[in-house]
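Take a look at the structure below.
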Number of protein chains: 2
Amino acid sequence: MENRGGHYLRELLEMLKKDLFVLEKTEASCCGMTLSQCHVILAIGKAGEVSLNELAGLLNLDSSTISRSVDNLFNKGLVSRKVDERDRRYVRISLTEMGKEVYGEIERNLADYFERVFSSIPEEKRHQVLESLKLLLDAVRENRCCEEGFLW
Amino acid sequence: MENRGGHYLRELLEMLKKDLFVLEKTEASCCGMTLSQCHVILAIGKAGEVSLNELAGLLNLDSSTISRSVDNLFNKGLVSRKVDERDRRYVRISLTEMGKEVYGEIERNLADYFERVFSSIPEEKRHQVLESLKLLLDAVRENRCCEEGFLW
DNA sequence: ATAAAATAGTTGTATATTGCAATTATTTTT
DNA sequence: AAAAATAATTGCAATATACAACTATTTTAT
């Protein structure tokens, strides 16, 4: 029935979210950090160099939250800060060598994991799964009501 | 290419996770609570009545964390606690009338949202999307290395 | 029947996270 | 030159988190 589709969709997504949450917590813990710190490291690592406000936008968190999180990672020697020479309001945030090592390890572990997951999907279904996720993502985005919200 | 499938899969999942994170934060904020509190309310509401340890298991958090979270919601009048008569070590946790109202509102909003998302998927693709999510979930679970971890 | 072990939940401790408001420093606009 | 805007930090206060230790209760072993 049509009005059960959304329900089942949500159930599947919630189970998926939960399982991936466990994955990430375990991964973060193995690397001696919290989940939030792990998210920050991954976002910085992926961007290479990023401003604080950009990072806040990427992670959808308040800039004050990110400022403190980055401060904490800076104190641990994982992150570096450089005032932008052209515009001294900006701070350019990137990973230190140590930070890159941590990032690399997490990245490898997650990459390996998702390759294994992908390989566990029946071969003739793999393209369908990817296509379906894209369709779902498009639908999710289509139903945003505004830039940061999803409800009316 | 085979070794790009996992990469693309992960990218899609991360974008999806992010968008849904924004959705939930907005929803929680609209109901005057934090995301974590929202998770707790939804878990209790769905279970009807649940023990603290069960709740901790459902949310994959330490029982001490849940104990304090439930305490906070109790103080707000959203949650009730009853010592189990048969075994006084147990506390039976459920929602108060007020808690049920909050739960009902969040549930309706999320249900509506996911119905809209589902309806935005091209009709001939809907079954495929659901099937694909199920396949993906199975693959994710197949690659757990232990009960609470996903890596080795 | 009693003691030991196990379980459920709470509390102490310490750290981390979070966002709003206010602040400082800098750049842009008027 | 002054006002406005922007980036980031800090103050404030609440919430969240997990480990360890604890209390109360039940189960298991003796």
Side-chain angles (χ1 to χ4, degrees), chain A residues 21-22 24-41 43-44 49-76 78-94 148-149, chain B residues 21-22 24-44 47 49-76 78-94 148-149:
Chain A
F21 171 74
V22 171
E24 292 188 327
K25 262 186 85 173
T26 306
E27 185 58 33
S29 184
C30 285
C31 290
M33 63 181 68
T34 68
L35 192 52
S36 293
Q37 290 170 343
C38 194
H39 286 156
V40 173
I41 291 284
I44 298 172
E49 191 177 68
V50 73
S51 77
L52 193 123
N53 264 3
E54 283 168 353
L55 198 47
L58 287 170
L59 297 173
N60 206 271
L61 293 168
D62 200 76
S63 57
S64 60
T65 297
I66 297 299
S67 182
R68 270 180 270 256
S69 191
V70 164
D71 203 52
N72 184 285
L73 292 170
F74 175 83
N75 291 336
K76 290 180 173 177
L78 297 175
V79 146
S80 82
R81 276 202 187 87
K82 277 178 283 181
V83 176
D84 189 279
E85 288 170 4
R86 264 177 298 213
D87 189 330
R88 294 198 300 280
R89 290 175 295 179
Y90 284 84
V91 169
R92 293 184 164 282
I93 298 163
S94 55
E148 53 268 317
Chain B
F21 171 73
V22 171
E24 292 188 326
K25 264 185 84 172
T26 306
E27 184 59 32
S29 185
C30 285
C31 291
M33 64 181 67
T34 68
L35 192 54
S36 292
Q37 290 170 341
C38 194
H39 286 156
V40 172
I41 290 285
L42 287 173
I44 298 173
E49 190 176 68
V50 72
S51 78
L52 193 125
N53 265 1
E54 283 168 352
L55 198 47
L58 287 171
L59 298 173
N60 206 270
L61 294 168
D62 199 78
S63 56
S64 60
T65 300
I66 297 299
S67 181
R68 272 180 265 255
S69 190
V70 164
D71 202 52
N72 184 285
L73 292 170
F74 175 83
N75 290 336
K76 290 180 172 179
L78 298 175
V79 146
S80 82
R81 276 201 187 86
K82 276 179 283 179
V83 175
D84 188 279
E85 288 170 4
R86 261 177 302 213
D87 189 328
R88 295 200 301 281
R89 290 175 296 178
Y90 285 84
V91 170
R92 293 182 163 283
I93 299 163
S94 55
E148 54 267 317

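The structure presented is a predicted model; accordingly, all values stated were derived computationally and were not measured. A note on names: the letters A, B, ... follow the listed sequences, proteins ahead of strands, and every chain is numbered from 1.
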**Prompt:** So, is A/K25 close to the D/dA18 phosphate, meaning a side-chain N or O under 4.0 Å from OP1 or OP2?
**Reply:** yes

**Request:** Report the distance from atom CG of B/D62 to atom P of C/dG12, rounded to the nearest whole Å.
**Result:** 16 Å

**Message:** Just to verify, which of B/V70, B/N72, B/L42 counts as forming a side-chain contact (heavy atoms from CB on, under 4.5 Å) with B/Q37?
**Reply:** B/N72

**Residue pairs fulfilling salt bridge (Lys or Arg N to Asp or Glu O under 4.0 Å) with at least one residue in residues 49-58 of chain B, sequence neighbours excluded** = B/E49-B/K82, B/E49-B/R92

**Prompt:** To the nearest angstrom, how far is A/M33 atom CE from C/dT15 atom P?
**Reply:** 18 Å

**Inter-residue atom distance B/S94.OG - B/L78.CG, 0.5 Å rounding** = 12.0 Å

**Message:** Tell me the interatomic distance from A/R81, atom CZ, to D/dA8, atom P, rounded to whole angstroms.
**Reply:** 10 Å

**Prompt:** Quick one: A/L52 CG to D/dT6 C1', roughly how many Å, whole number?
**Reply:** 13 Å

**Prompt:** Roughly how bent is the helix from C/dA1-D/dT30 to C/dT30-D/dA1 end to end, in steps of 10 degrees, with each end axis from five pairs?
**Reply:** 10°

**Prompt:** Who are the salt bridge (charged side-chain N to carboxylate O under 4.0 Å, His left out) partners of B/R81, not counting sequence neighbours?
**Reply:** B/D71

**Request:** Starting at atom CG of B/L55, determine the distance to atom C1' of D/dT17, rounded to an integer number of angstrom.
**Result:** 15 Å

**Request:** Measure the distance from CD1 on B/I66 to P on C/dT11 and round it to the nearest whole Å.
**Result:** 15 Å

**Prompt:** For A/R88, which residues count as a salt bridge (charged side-chain N to carboxylate O under 4.0 Å, His left out) partner, sequence neighbours excluded?
**Reply:** none

**Asked** Nearest 0.5 Å, what's the OH-CG distance between A/Y90 and A/L52?
**Response** 11.5 Å

**Request:** Using whole Å, report how far OH of B/Y90 lies from C1' of C/dA8.
**Result:** 7 Å

**Request:** For the pair A/D84 and A/V91, evaluate side chain to side chain contact (heavy atoms under 4.5 Å, CB included) and give the outcome as yes or no after the intermediate values.
**Result:** CA-CA 6 Å; A/D84 189 279; A/V91 169; over 6 Å; no

**Fill in**
In terms of heavy-atom contacts, B/A56 and B/I66 come closest through CA-CG1, 3.6 Å

**Request:** List the steps, then state whether side chain to side chain contact (heavy atoms under 4.5 Å, CB included) holds for B/S51 with B/I93.
**Result:** CA-CA 6 Å; B/S51 78; B/I93 299 163; over 6 Å; no

**Request:** Before giving the answer on side chain to side chain contact (heavy atoms under 4.5 Å, CB included), spell out for B/L61 and A/K25 the whole-Å C-alpha distance, their side-chain angles and the decisive distance to 0.1 Å.
**Result:** CA-CA 10 Å; B/L61 294 168; A/K25 262 186 85 173; 3.8 Å; yes

**Asked** Roughly how many Å is it from CG in B/N53 to P in D/dA24, rounded to a whole number?
**Response** 18 Å

**Asked** Under 4.0 angstrom, heavy atoms only, what part of the nucleic acid is A/R92 near: base, sugar-phosphate, or nothing?
**Response** nothing

Which atom pairs link the protein and nucleotides 25-27 of chain D when you take only N or O atoms and keep those under 3.5 Å?
| residue | atom | partner | partner atom | Å |
| --- | --- | --- | --- | --- |
| D/dT26 | OP1 | B/R88 | N | 3.4 |
| D/dT26 | O4' | B/R89 | NE | 3.1 |
| D/dT26 | O4' | B/R89 | NH2 | 3.4 |
| D/dT26 | O3' | B/R89 | NH2 | 3.4 |

**Asked** Between the main-chain N or O of B/V22 and the side-chain N or O of B/T26, is there a donor-acceptor pair closer than 3.5 Å?
**Response** yes

**Complete:** Heavy-atom contacts, protein to nucleotides 11-16 of chain D, under 4.0 Å, summarised as B (base), S (sugar-phosphate only) or - (none) per nt, yield BB--SS

